[in-house]
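The block underneath contains the structure these notes are about, expressed in structure tokens.
Counting starts at 1 for both ligands and their atoms, following the listed order. On a predicted model such as this, the values are computed, not experimentally measured, just so you know.
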Amino acid sequence: MQFIDLAAQQARIRPRLEAAMQDVLNHGRYVLGPEVGELEARLAEYVDALHCIGCASGTDALQIALMALDIGPGDEVIVPGFTFIASAESVMLAGARPVYVDIDPETYLLDPERLDAAITPRTRAIMPVSLFGQCADMEAMETVALRHGLVVVEDAAQSFGATRHGRRSCGLSRIACTSFFPSKPLGAYGDGGALFTDDDELAEAVRLVACHGEASRYRHTRLGMNSRLDTLQAAVLLAKLDIFDDELMQRQQVAERYDRLLQDVGTTSTPRIADGNTSVYAQYSIRVPRREEVRASLAEAGVPTAVHYPVPLNQQPAVADHNGRLSVTESVCEEILSLPMHPYLEASQQERVAQALQQALAWPYRA
Ligand SMILES: *Cc1c(COP(=O)(O)O)cnc(C)c1O
């Protein structure tokens with residue numbers, strides 16, 4: 001059993017992938033070739049945003065967004081304590097300071113109730129992370145942002161394709177960032193990312209920052225990066241986009257099957273999918289007591305697992321902040337466990353996971 005089975009997906013569309021890659025080999029425009037523009041147009045339409053700009057990774061996308069917004073030294077950005085390192089790393093790479101806020105105990109997403117207490121005169125942006133595949137309460141984020149003159153930057157690295165009240169993730173904030181890392185819901189065969197916005201001026205700033213701040217040939221009007229989406233990756237993504245909606249339905253079915261199977265297992269809980277949300281289930285995660293023992297037992301039964309994430313960001317040495325505690329984040333970090341999740345997971349495999357989990361949870365009584 002694979003944690004994420006990229007080979008099953010590849011087998012389904014292999015001829016299409018090969019043809020798409022061959023086209024790039026034939027035209028030879030490896031950087032900013034025609035596939036990049038085509039993909040940007042299709043993705044913008046998909047999320048109903050005016051602009052999509054490709055870049056080299058999800059982490060770069062976040063840094064580019066902040067740089068394009070002129071957020072840097074002396075500024076603060078609110079980030080949930082429970083997320084992947086990149087959310088905070090990008091803030092620090094832009095020269096600003098991440099301020100960690102705790103998560104909602106039911107959804108594990110940035111808790112809007114706790115924003116006001118974290119806002120200072122230096123706060124410039126709120127970065128809700130659409131963790132595990134569903135959006136945070138974006139209306140509440142926007143309300144707080146409007147009240148304090150802040151910008152909302154969605155970290156949608158795990159949620160491309162998700163919806164909130166019928167609108168897609170990446171189209172719900174002033175600017176949004178996603179990732180095409182191979183294991184993400186829409187994954188390339190290497191690194192890649194994209195930014196989305198409806199704001200013409202901001203889109204122009206993003207394009208400049210992503211490409212050396214070059215306004216015209218060798219005229220550099222602002223500090224930028226070298227962060228473009230490879231043509232080959234765009235070609236791969238175009239081929240995968242054709243089956244993406246179908247894969248999202250399959251992900252939904254896999255998640256529903258887990259929901260049913262785990263009801264009978266007991267002593268586990270999953271993050272609640274908030275009202276109005278659909279999730280793309282970048283991860284199917286559960287909370288279990290004695291996680292390390294449960295993991296070991298599952299591994300013995302041939303069930304691969306992962307932990308997203310074991311350490312609250314305020315305690316990660318590279319981005320630590322020792323002001324205050326994040327009690328919900330801390331308790332979730334101790335118990336969270338991700339199960340195999342991908343569109344091609346079969347019912348029989350999921351039954352095996354549930355059985356192994358049942359056994360694992362009975363562990364102390366088995367000896
Ligand atoms: C994967 C991920 C990123 C970074 O994306 P990369 O493409 O790997 O740089 C950022 N934030 C979150 C929440 C992620 O899961």
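- For ligand 1, none of its N or O atoms has an N or O atom of Phe180 under 3.5 Å away.
- Heavy atoms of Ala86 found under 4.0 angstrom from ligand 1 belong exclusively to the side chain.
- Note: an N/O pair closer than 3.5 Å links Asp155 and ligand 1 by distance alone.
- The distance criterion of under 3.5 Å between nitrogen or oxygen atoms is met by Thr59 with respect to ligand 1.
- By the criterion of side-chain heavy atoms lying less than 4.5 angstrom apart, applied directly or through intervening Ile, Leu, Val, Met, Phe, Trp or Tyr residues, Val79 is not grouped with Leu93; the two fall into different hydrophobic clusters.
- A heavy-atom separation below 4.0 Å is not found between His308 and ligand 1.
- Atoms of ligand 1 found under 4.0 Å from any heavy atom of Lys184 (numbered from 1 in listed order, with element): 1 (C), 2 (C), 3 (C), 14 (C), 15 (O).
- Between Glu335 and the options Arg290, Arg287, Arg291, a salt bridge (Lys or Arg N to Asp or Glu O under 4.0 Å) holds for only Arg287.
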(request) Verify side-chain contact (heavy atoms from CB on, under 4.5 Å) between Ser87 and Met127, making sure each step is shown before the conclusion. (result) CA-CA 8 Å; Ser87 312; Met127 186 188 287; 4.1 Å; yes
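- Rounded to the nearest 0.5 Å, atoms CZ (Arg257) and CD (Gln349) are 9.5 Å apart.
- Salt-bridge check for Asp321 with Arg97: passed, with a basic side-chain N closer than 4.0 Å to an acidic carboxylate O.
- At a 3.5 angstrom cut-off on N or O pairs, Thr83 does not count as close to ligand 1.
- Interface atoms of ligand 1 facing Val129, defined by a heavy-atom separation under 4.0 Å, are 13 (C).
- Residue contacts with ligand 1 for Leu131 are absent, since no atom lies close enough (heavy atoms, distance under 4.0 Å).
- Taking the six-membered ring where the residue is Trp, the centroids of Tyr46 and Phe160 are separated by under 6.0 Å.
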